[in-house]
Amino acid sequence: MTFIPRQEEFICEQCGATVTPLSHDSYRNHCPKCLHSKHVDSSGPGSRDATCLGLMEPIGIDGQAGSGFIILHQCTQCGKKEKNKAASDDALTQAISSLFH
Ligand SMILES: [Zn+2]
Ligand SMILES: [Zn+2]
């Protein structure tokens, strides 16, 4: 069975939160509450061609206020690092934005 997750609701494997798709932003690939993601992209964001499917832990933050934040994820299975744009309603985005204001 092949299941290709795209803009669909999913349950976060880390904290159990129900993650709903964004309607106004780019696609969401991580949990807005605990910021964990899943290793589903191999050749680029949204490619969904990875076979690892490991849990991606947030290990750092990049970016600037105003232009959006980048979350650095590292896969707990294979160690691959990915950069993911933080969504506007991520708990982290809101917390950091308030620091810079
Ligand atoms: Zn979560
Ligand atoms: Zn991986």
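Remember, it's 1-based here, ligands and their atoms both numbered in the order they're listed. Worth saying up front: this structure is predicted, and the values here are computed from it rather than measured.
Vertex the Zn ion (ligand 2), arms ending at SG of Cys52 and SG of Cys75: the angle is 100° after rounding to 10 degrees. For the pair SG of Cys12 and SG of Cys34, the angle at the Zn ion (ligand 1) is about 100°; rounding is to 10 degrees.
Looking only at distances, no side-chain donor or acceptor of Thr76 sits under 3.5 Å from a matching main-chain atom of Met56. In terms of modelled atom types and a separation under 3.5 Å, the side chain of His30 and the main chain of Glu57 share no donor-acceptor contact. A side-chain donor-acceptor contact under 3.5 Å links Asp41 to the backbone of Arg48. With Gln74 contributing its side chain and Gly79 its backbone, the two residues share a donor-acceptor pair below 3.5 Å.
Within His39, ND1 is the N, O or S atom that lies nearest to the Zn ion (ligand 2).
Not a single N, O or S atom of His30, from either the backbone or the side chain, sits less than 2.8 Å from the Zn ion (ligand 1).
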